[in-house]
S.K.: 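Pasting a structure below so you can have a look.
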2 protein chains.
Amino acid sequence: MNKHMATQSASKDVTDILRTAGLRPTRQRVSLAELLYSKGDRHISAELLHEEAVAADVPVSLATVYNTLHQFTEAGLLREVAIDGNKTYFDTNVSDHHHFFIEGENRVIDIPGEVVGIDKIPSAPEGMEVVRVDVVVRIREKS
Amino acid sequence: MNKHMATQSASKDVTDILRTAGLRPTRQRVSLAELLYSKGDRHISAELLHEEAVAADVPVSLATVYNTLHQFTEAGLLREVAIDGNKTYFDTNVSDHHHFFIEGENRVIDIPGEVVGIDKIPSAPEGMEVVRVDVVVRIREKS
DNA sequence: ATTTGTGCAAATCGTTTGCATCTGA
DNA sequence: TCAGATGCAAACGATTTGCACAAAT
């Protein structure tokens with residue numbers, strides 16, 4: 001059934017993931033997914049992913065990159081990290097964790113392990129429920 | 001020296017604050033400061049503040065509102081709250097505290113008291129120092 | 001064949017900037 | 001006076017959208 005097994009070992013899983021998520025595994029989506037997940041946890045902007053795709057000979061339009069990132073996010077494959085205001089980062093690590101934000105460099109990195117302990121999660125106001133707690137530790141070059 | 005004392009009781013303090021911060025107390029800056037600080041703690045966007053100013057018969061350009069907000073921030077009179085990505089909020093509460101973010105409404109409110117306890121602040125990577133820890137508790141209408 | 005995705009370029013939104021004009025000390 | 005502030009409109013960067021074309025099932 002698969003005509004080119006050899007070249008599809010990596011694509012195969014991605015294809016299934018997409019299908020399971022209810023997304024048609026198109027060329028662009030498969031390629032983008034591979035770029036996203038083949039290098040460990042990443043925090044990437046739409047623009048950067050677009051550049052990577054083009055560099056990897058997967059010409060895809062910026063608009064499609066945006067669409068894809070949002071679809072992946074809705075499907076739970078990515079998490080949007082809103083830290084800086086002007087740019088949106090997408091985190092390939094969907095599990096519960098927090099971030100360092102390097103000021104000046106505008107870079108986001110995961111805080112390793114279960115290092116942040118919040119001992120008192122404040123109770124939400126009447127009729128509200130907590131969706132998620134985000135912790136951002138802003139750091140800079142030691143002066 | 002003050003010709004219209006009666007109308008200046010509120011303006012007086014603001015004027016001093018601005019002067020102390022090294023900012024010339026111009027009409028616009030004084031008015032914006034009053035709008036900002038006369039209603040308790042606020043989390044306001046440039047656009048909204050602009051609308052309020054115009055509504056209060058203090059015609060000021062949006063560009064000036066942006067300039068002013070940034071100058072106030074540099075002077076330590078305001079704190080920038082980056083939560084949402086597409087919009088920047090300025091917090092009139094400069095003290096150490098954290099925020100609820102109401103999804104859907106895109107509203108920011110202070111978490112009252114010293115309710116958030118972070119028991120382990122992760123150590124920053126080599127050569128880096130922690131500037132600040134931001135905690136955002138995302139909440140939504142209970143379903 | 002039908003449905004869904006893609007590309008392009010134009011549109012939008014928040015924010016910033018350049019520059020001529022005004023204003024506070 | 002004159003450095004510093006303001007207003008306007010144009011410039012900007014990130015993101016979105018509309019619509020004709022292409023690809024997946």
Side-chain angles (χ1 to χ4, degrees), chain A residues 1-4 8 11 14-33 43-51 53-54 57-75 78 80-90 106 108, chain B residues 1-4 8 11-12 14-16 18-33 43-51 53-54 57-75 78 80-90 106 108:
Chain A
M1 29 186 75
N2 273 317
K3 292 165 185 172
H4 306 289
Q8 294 194 348
S11 315
V14 167
T15 300
D16 286 349
I17 291 171
L18 292 177
R19 244 188 260 282
T20 304
L23 297 168
R24 289 225 290 234
T26 65
R27 253 195 288 307
Q28 291 82 337
R29 296 214 268 233
V30 171
S31 301
L32 291 177
H43 305 85
I44 199 172
S45 67
E47 191 141 357
L48 182 55
L49 180 58
H50 180 238
E51 281 168 22
V54 171
D57 279 307
V58 186
V60 67
S61 77
L62 186 52
T64 297
V65 172
Y66 274 105
N67 287 338
T68 303
L69 286 172
H70 287 137
Q71 290 155 351
F72 284 14
T73 301
E74 272 166 42
L78 288 175
E80 230 174 301
V81 184
I83 285 189
D84 184 31
N86 41 337
K87 225 164 196 151
T88 304
Y89 293 90
F90 293 86
N106 275 33
V108 180
Chain B
M1 27 186 79
N2 274 318
K3 291 164 184 174
H4 309 289
Q8 293 195 348
S11 315
K12 190 53 170 53
V14 167
T15 300
D16 286 348
L18 291 178
R19 245 188 260 282
T20 304
L23 296 170
R24 276 212 224 154
T26 65
R27 252 197 289 306
Q28 292 82 336
R29 296 214 267 233
V30 171
S31 301
L32 292 177
H43 305 84
I44 198 171
S45 67
E47 191 142 356
L48 182 55
L49 181 57
H50 181 238
E51 281 168 22
V54 171
D57 280 307
V58 186
V60 67
S61 77
L62 186 53
T64 297
V65 171
Y66 274 105
N67 287 339
T68 304
L69 286 172
H70 287 138
Q71 290 155 351
F72 283 15
T73 301
E74 273 166 42
L78 288 176
E80 229 173 303
V81 184
I83 284 189
D84 185 29
N86 40 339
K87 226 164 195 151
T88 304
Y89 292 89
F90 293 85
N106 275 33
V108 180

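Quick note on labels: first sequence line is chain A, next is B, and so on, each numbered from 1.
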S.K.: In terms of side-chain heavy atoms of A/Y66, which of D/dT16, C/dA25, C/dG14 is nearest?
M.R.: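 It is D/dT16.
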S.K.: Does any N or O in the side chain of A/H70 come within less than 3.5 Å of the main-chain N or O of A/Y66, such that one atom is a donor and the other an acceptor?
M.R.: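 Checking the backbone N and O of A/Y66 against the side chain of A/H70, a donor-acceptor pair under 3.5 Å is found.
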S.K.: Please work out if B/H50 contacts a base, only the sugar-phosphate, or nothing of the nucleic acid, heavy-atom cut-off 4.0 Å.
M.R.: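 Touches nothing.
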S.K.: Between A/T68 and A/Q28, is a side-chain contact (heavy atoms from CB on, under 4.5 Å) present by the stated rule, with each step listed?
M.R.: CA-CA 9 Å; A/T68 303; A/Q28 291 82 337; 5.6 Å; no
S.K.: What integer distance in Å separates B/I44:CD1 from C/dG14:P?
M.R.: 15 Å
S.K.: Taking atom P of D/dA14 as reference, at what distance in whole Å does atom CD of A/E51 sit?
M.R.: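 The answer, rounded to whole Å, is 10 Å.
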S.K.: A/R19 side chain to A/P25 main-chain N or O, any donor-acceptor pair under 3.5 Å?
M.R.: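 No, because the side chain of A/R19 does not come within donor-acceptor range (under 3.5 Å) of the backbone of A/P25.
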S.K.: Can you check the A/E47 CD to D/dC12 P distance for me, whole Å?
M.R.: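 It is 15 Å, rounded to the nearest whole Å.
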S.K.: Send over the distance from B/E80 CD to C/dT15 C1', rounded to a whole Å.
M.R.: 11 Å
S.K.: Looking at A/A46 and A/V65, what are the two nearest heavy atoms and their distance?
M.R.: O-CG1, 3.6 Å
S.K.: If I take atom CG in residue A/L69 and atom C1' in nucleotide D/dA14, what distance separates them, rounded to the nearest angstrom?
M.R.: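 The distance from CG of A/L69 to C1' of D/dA14 comes to 13 Å, rounded to the nearest Å.
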S.K.: Which residue lies toward the 5' end of DNA chain C, B/Y89 or B/R19, if each is placed at its nearest nucleotide?
M.R.: B/Y89
S.K.: Mind listing the closest non-hydrogen atom pair of A/V60 and A/A53 along with its distance?
M.R.: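 Smallest interatomic distance, heavy atoms only, reads CG1-CB, 3.7 Å.
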S.K.: For B/N106 and C/dC13, what is the distance between atoms CG and C1' respectively, to the nearest whole Å?
M.R.: 14 Å
S.K.: So, does B/H70 get its side chain near the phosphate of C/dT15, meaning an N or O under 4.0 Å from OP1 or OP2?
M.R.: no
S.K.: Please report the interatomic distance CG(B/L48) to CZ(B/F90), rounded to the nearest 0.5 Å.
M.R.: 12.5 Å
S.K.: Grab the NZ-P distance between B/K87 and C/dG14 for me, whole Å please.
M.R.: 5 Å
S.K.: Take B/L23 and B/R29, measure what side-chain contact (heavy atoms from CB on, under 4.5 Å) needs, and give me the verdict at the end.
M.R.: CA-CA 9 Å; B/L23 296 170; B/R29 296 214 267 233; 4.2 Å; yes
S.K.: Report all interatomic pairs (protein N or O, nucleotide N or O of nucleotides 4-8 of chain D) with separations under 3.5 Å.
M.R.:
residue: D/dG4; atom: O4'; partner: B/R24; partner atom: NH2; Å: 2.7
residue: D/dA5; atom: OP1; partner: B/R29; partner atom: NH2; Å: 2.5
residue: D/dT6; atom: OP1; partner: B/T26; partner atom: OG1; Å: 2.6
residue: D/dT6; atom: O3'; partner: B/Q28; partner atom: NE2; Å: 2.8
residue: D/dG7; atom: OP1; partner: B/Q28; partner atom: NE2; Å: 3.4
residue: D/dG7; atom: OP1; partner: B/P59; partner atom: O; Å: 3.4
residue: D/dG7; atom: OP2; partner: B/S61; partner atom: N; Å: 3.0
residue: D/dG7; atom: OP2; partner: B/S61; partner atom: OG; Å: 3.4
residue: D/dG7; atom: OP2; partner: B/T64; partner atom: OG1; Å: 2.8

